[in-house]
Amino acid sequence: MAEPRPRVWVSQPLIDAVIEPLRAQVELITTDEVTAWTAEQLAARLADVDGAIITLNERVGAAQVAGATRLQVIANVGVGYNNLDVEALSAAGIVASNTPDVLTETTADLGFALLMAAARRITESERWLREGQWGQWSFQTMLGADIHGSTLGILGMGRIGQGIARRGAHGFGMRVLYHNRSRLPEAAEGEVGAQYADFDTLLAQSDHLVLVLPYTASSHHIIDAAALAKMKPTATLVNIARGGIVDELALADALATGRLAAAGLDVYEGEPAVRPELLALHNIVLTPHIGSASLATRKAMVQLAADNLLAALNVDGAAARMPSAINAEAAFAARTASGDKSKKR
Ligand code: GLV
């Protein structure tokens, strides 16, 4: 008798053209409406499936997988995975994956778009025009900061940081400084056109500072009131990483008091909620976590998540390597240690 097909849950409507063909290989349970899953609902959904494709809005930890005895893989659609408790998943023998690379350039584009919109007051200008204020125009209307020839700072120099550096150095003739846990090899610094700086120098010298570092306990509120106080009052701050990296109340205060000129945020501490203190400001550009939101990139992300999932479930007998597993070694070691034969190696 043929083995039953693995059962797979997809937590949100994604890209049908990529998801629907999976029905040929797995028993697919899709979600037709955008859903804010509670912790308990997630646990119930994960309890009787072999694999799941989820988004950054689903937080999965020990409690959600405690009863998920069949679950072998969680394929996260997103490069960041602070929504997953990777240690708990590994301990339960569950492999997790993410979607790096395919979104690098699109996300770097958005970072640059936010930088330009904030520095050149694009959305503020548009609101002013729509409100019928053009009649009040003066020579000093909407004066912003130059991008070309200025100093671009990048905090976090992974793939997306490097994409932003290239845009700044090679497209806009900017001097590019970066700070990162580890320094890039000299040849890579030369290729992206960036120079390493210590954290304080980066803060002090950047005309525009873009945050692209992963969110961890050590990056929580790394941009706080003290860090903001070290920045130029004419500077622009852009966050396309995770909301928790910035102390949003300190940022709102700096923007309201003229301590900082402008900001662009794509990510928020309590998203989808946005603090009223931020919403009240005119010198901030706010987008709803759309860094990777081009159709081509979203398709590629879902495809990569599906490829990870099928490889992990060993669908069609091909024990393929997952293209982007996060914790394969640790999860497989836990399976071996527990002697769990129901989950394949
Ligand atoms: C988006 O924020 C992602 O991590 O992919």
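Order of appearance sets the numbers: ligands from 1, and atoms from 1 within every ligand.
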Quiz item: How are the rings of Y196 and Y178 set to each other: parallel, tilted or perpendicular (split at 30° and 60°)?
Solution: perpendicular
Quiz item: Quick one: do V77 and L309 end up in the same hydrophobic cluster if we chain Ile, Leu, Val, Met, Phe, Trp and Tyr together by side-chain heavy atoms under 4.5 Å apart?
Solution: yes
For ligand 1, which atoms sit closer than 4.0 Å to a heavy atom of [X]?
{"X": "H289", "answer": "1 (C), 2 (O)"}
{"X": "R242", "answer": "1 (C), 2 (O), 3 (C), 4 (O)"}
{"X": "L56", "answer": "1 (C), 2 (O), 3 (C), 4 (O)"}

Looking only at distances, please establish whether an N/O atom of ligand 1 is found under 3.5 Å from an N/O atom of [X].
{"X": "V79", "result": "yes"}
{"X": "S292", "result": "no"}
{"X": "G80", "result": "yes"}

Quiz prompt | T107, portion touching ligand 1 at heavy-atom distance under 4.0 Å | solution = neither
Quiz item: Hey, is L103 touching ligand 1 through its side chain, its backbone, both or neither, going by heavy atoms under 4.0 Å?
Solution: side chain
Practice problem: Hey, could you give me the CG/CE distance between L129 and M142, rounded to the nearest 0.5 Å? | Solution: 9.5 Å
Practice problem: State whether a side-chain donor-acceptor pair under 3.5 Å links E58 with S11. | Solution: yes
Practice problem: Over all heavy atoms of both residues, which pair between N308 and M322 is shortest? Give the atoms and the distance, please. | Solution: OD1-CB, 3.5 Å
Quiz item: Can we say D50 and R70 salt-bridge, meaning some charged N sits less than 4.0 Å from an Asp/Glu carboxylate O?
Solution: yes
